[in-house]
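The structure appears right after this line, and notes come after that.
Here is the naming used below: chain letters follow the sequence lines, and residue numbers restart at 1 for every chain.
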2 protein chains.
Amino acid sequence: MIDPDKEGYLTLDNQLCFVLYSTSNAMSRSYQPLLKALDLTYLQYLVMMVLWEEQVINVKALGKKLHLDSGTLTPLLKRLETKGYVNRTRSQEDERIRLISVTEVGEQLKEQAQHIPEKMMCLSKMEADELISLKAACERLLANLTD
Amino acid sequence: MIDPDKEGYLTLDNQLCFVLYSTSNAMSRSYQPLLKALDLTYLQYLVMMVLWEEQVINVKALGKKLHLDSGTLTPLLKRLETKGYVNRTRSQEDERIRLISVTEVGEQLKEQAQHIPEKMMCLSKMEADELISLKAACERLLANLTD
DNA sequence: TGCAAGTATATTGTGTGCAACTAAATTGCT
DNA sequence: AGCAATTTAGTTGCACACAATATACTTGCA
C-alpha cells in the first residue's frame, strides 16, 4: 500500500479496493435476511429509503442520489411497481420525466424497516464512533473518485 | 448513526452501508478504464491477482479468498479460459476438484498490471496512511460480518 | 464391499451494475 | 416558426452476486 516498488505490491491482500468490495458484498448479504420480511432486495431497500424521505422523485434525481443510472433503476422501479410499493407516472409539464412516488403500502413498509439500522449496527459489532469515522473516510474517497 | 430513536435515523445519508456500496461501485468504475488494455473486468483482475500469487488453486480455495461462490466463479473462470489467461484442469487424485492455473499469457499480464495500484492510489487523492486506516476499518467490519 | 453421508463444482434463475444505443420530448437559437 | 442540440428514460447486452438445486466424485462406516 505504501511503496509502489515494494515486492508483492500487486497482491490481493494489499488492495483497499478488494477489502472495500468484499465488505460491501458482505454487508449486502447481511441485510438480505432482515429484508426478506419486507420482500425487498438490498438495492430496493436503498431506493425505498429515498422515497420515504422524498415521497416523489424523478429517475434522474434518484440516480444522482444513489450513483446509479437508468439502466439499473428502470427495471428495478418496475419490480417495485409490480410489488405495489411505488407508482410510476409521467410529469404533466415535461412528458420525458418519470415521477416515482411511494404508495400507501410502500409507506407502511417504513414501520417494519424502522429497526433494521439498529440490527445492522449490532451485527457489525463495532462502536458507533468507529462506524462514523469509517463512513466519513468512505465519503471522502467516494467524492474524490467521482469528481 | 448514533441514536436509534432519533428522527431521520432511517435515512439514506445516515447509512454506512450505502456509502460503502457507492464507494465500492465507484472504485470498480474507476478501475475499468485502467483494465481495458488488459481485457479484464474488475473482478477478473482480482482473480488474476490471486493467480499471480498462487499459480495453481482450486475453485473452493479461490472462493474463500475472494468471498465468492462457484455460481460467480465458474462462469468467470470460463471467460478467463476463453481469453487464454487460465487453464481449467481436474485434479488426478480427486476428480471433483477443478484446478485453475495461470497460463504464460496470463502471467505476462502481470507486467502490464504493475502500475495499476499506483495509478489508483493517485486517483483516490488520499494519503497512504488514511487509505491504510480505511482498509483496516473495513477489514474489521468484514471479519465481524462473516463469522 | 456396499452404500449413506459428505464434498466440490456446475447449473439455473433472479436481480443488479453499467456501457452503448435508441426514442421521445423540450429548449434554444436563428 | 423551424430545426438542431440537449435532456430524460428506456432498451439491449454482458458480467457479476448469490440462493437454490443438481451432479459427480469421495469417504467413512456397518
Side-chain angles (χ1 to χ4, degrees), chain A residues 17-18 20-33 35-36 39-48 57-64 66-83 85-86 88-100 145-146, chain B residues 17-18 20-33 35-36 39-48 57-64 66-83 88-100 145-146:
Chain A
C17 70
F18 166 62
L20 212 49
Y21 164 87
S22 298
T23 307
S24 177
N25 284 345
M27 191 73 97
S28 167
R29 275 194 299 273
S30 298
Y31 267 98
Q32 239 44 270
L35 293 171
K36 195 149 193 170
D39 190 25
L40 288 176
T41 65
Y42 176 61
L43 180 55
Q44 287 165 10
Y45 168 68
L46 296 179
V47 169
M48 289 309 294
I57 194 168
N58 64 56
V59 176
K60 170 111 176 170
L62 185 58
K64 185 165 183 180
L66 294 162
H67 306 281
L68 292 170
D69 70 359
S70 65
T72 301
L73 290 176
T74 297
L76 181 147
L77 292 168
K78 285 181 178 174
R79 281 189 283 274
L80 287 179
E81 188 183 38
T82 302
K83 289 183 209 284
Y85 296 165
V86 308
R88 299 182 341 114
T89 59
R90 283 195 186 280
S91 164
Q92 294 296 309
E93 306 90 62
D94 188 337
E95 289 277 348
R96 292 169 305 180
I97 296 176
R98 178 72 80 170
L99 294 175
I100 311 300
L145 290 176
T146 57
Chain B
C17 71
F18 166 62
L20 212 49
Y21 163 87
S22 299
T23 308
S24 176
N25 284 345
M27 190 73 96
S28 167
R29 276 195 299 273
S30 298
Y31 266 98
Q32 237 47 268
L35 293 171
K36 194 149 195 171
D39 190 24
L40 288 176
T41 66
Y42 177 60
L43 179 56
Q44 287 167 8
Y45 168 68
L46 296 179
V47 169
M48 289 308 295
I57 195 169
N58 63 57
V59 175
K60 170 112 176 169
L62 185 58
K64 185 165 183 180
L66 294 162
H67 307 280
L68 293 170
D69 70 358
S70 65
T72 300
L73 290 176
T74 296
L76 182 148
L77 292 168
K78 285 181 177 174
R79 282 188 283 273
L80 287 179
E81 188 183 37
T82 302
K83 290 183 210 282
R88 297 182 343 115
T89 60
R90 282 194 187 282
S91 163
Q92 293 296 309
E93 305 91 64
D94 188 336
E95 289 276 348
R96 292 168 307 179
I97 296 176
R98 180 72 79 169
L99 294 174
I100 312 300
L145 290 175
T146 57

Could you list the donor-acceptor pairs under 3.5 angstrom formed between side-chain atoms of residues 20-29 of chain A and any protein atom two or more places apart in sequence or on another chain?
| unit_1 | atom_1 | unit_2 | atom_2 | d |
| --- | --- | --- | --- | --- |
| A:Ser22 | OG | A:Phe18 | O | 3.0 |
| A:Thr23 | OG1 | A:Val19 | O | 2.6 |
| A:Thr23 | OG1 | B:Cys138 | O | 3.4 |

Heavy-atom pair of closest approach, residues B:Cys17 and A:Tyr31: SG-OH, 3.3 Å
Interatomic distance, A:Asn25 CG vs D:dA17 P [rounded to whole Å]: 6 Å
Show me the side-chain donor-acceptor pairs of residues 75-82 of chain A shorter than 3.5 Å, one per line, residues at least two apart or across chains.
| unit_1 | atom_1 | unit_2 | atom_2 | d |
| --- | --- | --- | --- | --- |
| A:Glu81 | OE1 | A:Arg88 | NE | 3.2 |
| A:Thr82 | OG1 | A:Lys78 | O | 2.9 |

Short side-chain N/O contact to C:dT11 OP1/OP2 from B:Lys78, under 4.0 Å: yes
Sugar-phosphate only, base, or nothing, as touched by A:Asp69 at under 4.0 Å among non-hydrogen atoms: base
For atom NZ of B:Lys83 and atom P of D:dC14, their distance in whole Å: 12 Å
For atom NZ of B:Lys64 and atom P of D:dA17, their distance in whole Å: 21 Å
Distance in angstrom units between B:Glu81 CD and C:dA10 C1', rounded: 14 Å
Within residues 39-46 of chain B, residues whose heavy atoms come under 4.0 Å of DNA chain C: none
Closest-nucleotide ordering on DNA chain D, the 5'-leading residue of A:Lys36 and B:Thr72: B:Thr72
Length of the CD-C1' vector between B:Glu93 and C:dT9, whole Å: 17 Å
Annotated protein contacts, base or backbone, on nucleotides 4-9 of chain D with a non-hydrogen cut-off under 4.0 Å, one of B, S, - each: ---BSS
Interatomic distance, B:Glu95 CD vs D:dT27 P [rounded to whole Å]: 12 Å
Nearest-Å distance for atom pair CG/C1', residues B:Leu73 and D:dA19: 15 Å
Atom pair distance, as rounded to whole Å: CZ in B:Arg29 and P in C:dA20: 14 Å
Sugar-phosphate only, base, or nothing, as touched by B:Leu68 at under 4.0 Å among non-hydrogen atoms: sugar-phosphate
Heavy-atom pair of closest approach, residues B:Gln32 and B:Thr41: OE1-CA, 3.7 Å
pair A:Leu73-A:Ile100: side-chain heavy atoms closer than 4.5 Å: no
Nearest heavy atoms of B:Leu40 and B:Tyr45, plus distance in Å: CD1-CA, 4.1 Å
B:Lys83: salt bridge (charged side-chain N to carboxylate O under 4.0 Å, His left out) partners, not counting sequence neighbours: B:Asp39
Contacts of A:Asp94 that satisfy salt bridge (charged side-chain N to carboxylate O under 4.0 Å, His left out) - sequence neighbours left out: A:Arg96
Taking every non-hydrogen atom, the tightest pair across B:Leu99 and B:Ser91: CD1-CA, 3.9 Å
